[in-house]
Amino acid sequence: MIKLYEGKAKIIYQSPDPEILIAHFKDDATAFNAQKRGQIADKGAINCTISARLFQYLAELGIPNHFIDQLSPREIRVRALKIIPLEVVVRNLAAGSLCAQTGLPLATPLNPPLVDFYYKNDALGDPLLTIDRLQLLNLARLDQVDQIYKLALQVNEILGQFFQACGVTLVDFKLEFGCDAAGALVLGDEISPDTCRLWDQTQADPQERILDKDRFRQDLGNVSTAYQRVLDLVLSHPFFG
Ligand code: 5GP
């Protein structure tokens with residue numbers, strides 16, 4: 001297979017059909033703009049399957065996304081998209097950079113949810129954008145931004161309820177969007193414990209409850225076990241039962 005692109009967590013390969021790509025999920029883990037590097041055992045296979053299932057669920061509920069099917073434990077087939085260089089973060093509870101930048105206490109409820117746009121640019125450290133900066137840099141048209149905003153909130157509604165049914169709180173998550181061959185806006189990338197903050201509702205302890213990449217970022221241990229628990233909980237959802 002011809003490699004088109006290798007990122008921090010995935011490799012993208014060509015397929016015989018130019019409109020279809022193959023995403024291969026790696027065990028490599030990075031944090032703090034790749035200043036911290038490591039491996040999480042079985043992460044690739046776990047995140048691949050979680051993403052596949054969540055994309056399948058989102059498609060069923062009307063959210064256009066790039067997922068076609070899962071080829072193997074670490075590989076999904078996806079529709080080729082022209083990626084919009086934005087990282088769209090939806091937050092239900094304050095955590096991570098929001099706490100660091102605003103002083104809001106951890107777990108402060110955000111009602112309505114907060115939608116933050118970041119410039120997807122590793123060299124610049126993925127800076128937070130304003131609408132004016134987004135337009136200045138010509139990163140997306142305003143009608144696309146409006147559509148992305150609405151889609152991101154719909155995804156939050158759907159995934160928030162999905163995880164609630166699994167006993168997990170969806171604290172925040174990052175989405176990426178692109179345009180398909182017809183120019184339609186489509187959700188891309190992955191949705192996994194690498195890209196979401198997920199708290200186990202059966203655990204009161206603020207460290208024990210963490211089921212996502214914060215375990216790696218904060219050296220909390222049992223990272224792979226936590227990711228596997230998310231997969232088990234996702235698969236336990238009635239939709240897949
Ligand atoms: P924060 O802004 O607090 O660092 O991240 C907010 C949410 O978006 C978290 O769930 C985090 O995992 C996700 N996120 C933000 N930026 C990135 C990124 O560059 N890569 C990944 N994998 N997730 C990100």
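Order of appearance sets the numbers: ligands from 1, and atoms from 1 within every ligand. Both backbone and side-chain heavy atoms feed into the values below; hydrogens, waters and symmetry mates do not.
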Quiz item: Which bit of Gln101 gets closer than 4.0 Å to ligand 1, counting heavy atoms only: side chain, backbone, both or neither?
Solution: neither

Quiz item: Ion pair present between Asp219 and Lys36, side-chain N to carboxylate O less than 4.0 angstrom?
Solution: yes

Exercise. Kindly indicate whether the side chain of Leu134, heavy atoms from C-beta on, has any atom under 4.5 Å from the side chain of Leu86.
Key: yes

Quiz item: How far does CD of Gln144 sit from CZ of Phe177, to the nearest 0.5 angstrom?
Solution: 11.5 Å

Practice problem: To the nearest 0.5 Å, tell me how far Gln56 CD sits from Gln70 CD. | Solution: 9.5 Å

Self-check item: atom 23 (N) of ligand 1: the protein heavy-atom neighbour that sits closest, reported with distance to 0.1 Å
Solution: Asp194 O, 3.5 Å

Exercise. For Thr195, take its heavy atoms, then give the atoms of ligand 1 lying under 4.0 Å from any of them.
Key: 10 (O), 12 (O), 13 (C), 22 (N), 23 (N)

Quiz item: With a 4.0 Å cut-off on heavy atoms, is Lys120 touching ligand 1?
Solution: no

Practice problem: May I ask you to identify, for Asp126, whether its side chain, its backbone, both or neither come under 4.0 Å of ligand 1 on a heavy-atom basis? | Solution: side chain

Quiz item: Say you draw a straight line from CG of Leu198 to CZ of Phe163; how long is it, rounded to the nearest 0.5 Å?
Solution: 5.0 Å

Quiz item: For atom 17 (C) of ligand 1, what's the nearest protein heavy atom and its distance?
Solution: Glu87 OE1, 3.7 Å

Quiz item: Which residue pairs pass the side chain to side chain donor-acceptor pair (under 3.5 Å) test with at least one member in residues 125-142, sequence neighbours excluded?
Solution: Arg141-Asp143

Quiz item: Who's the nearest protein heavy-atom neighbour of atom 20 (N) of ligand 1, and how far?
Solution: Lys174 CE, 3.8 Å

Self-check item: Residue portion contacting ligand 1 (non-hydrogen atoms closer than 4.0 Å) for Asp172
Solution: both

Quiz item: Charged N to carboxylate O below 4.0 Å: is that the case for Arg229 and Asp232?
Solution: no

Quiz prompt | Lys/Arg-Asp/Glu bridge criterion (N-O < 4.0 Å) met for Asp172, Arg197 | solution = yes

Quiz item: What protein heavy atom sits nearest atom 2 (O) of ligand 1, and how far away is it?
Solution: Ser97 OG, 2.5 Å

Quiz item: Just heavy atoms, cut-off under 4.0 Å: does Cys196 contact ligand 1 by side chain, backbone, both, or neither?
Solution: backbone

Quiz item: Which residue supplies the protein heavy atom nearest to atom 6 (C) of ligand 1, what is that atom called, and how far is it?
Solution: Arg197 NH1, 3.5 Å

Self-check item: For Gly96, the ligand 1 atoms whose distance to one of its heavy atoms is below 4.0 Å
Solution: 3 (O)

Quiz item: Is ligand 1 less than 4.0 angstrom away from at least one heavy atom of Arg217?
Solution: yes

Practice problem: Measure up the Tyr57 and Phe239 rings against each other and bin them: parallel (under 30°), tilted (30 to 60°), perpendicular (over 60°). | Solution: perpendicular

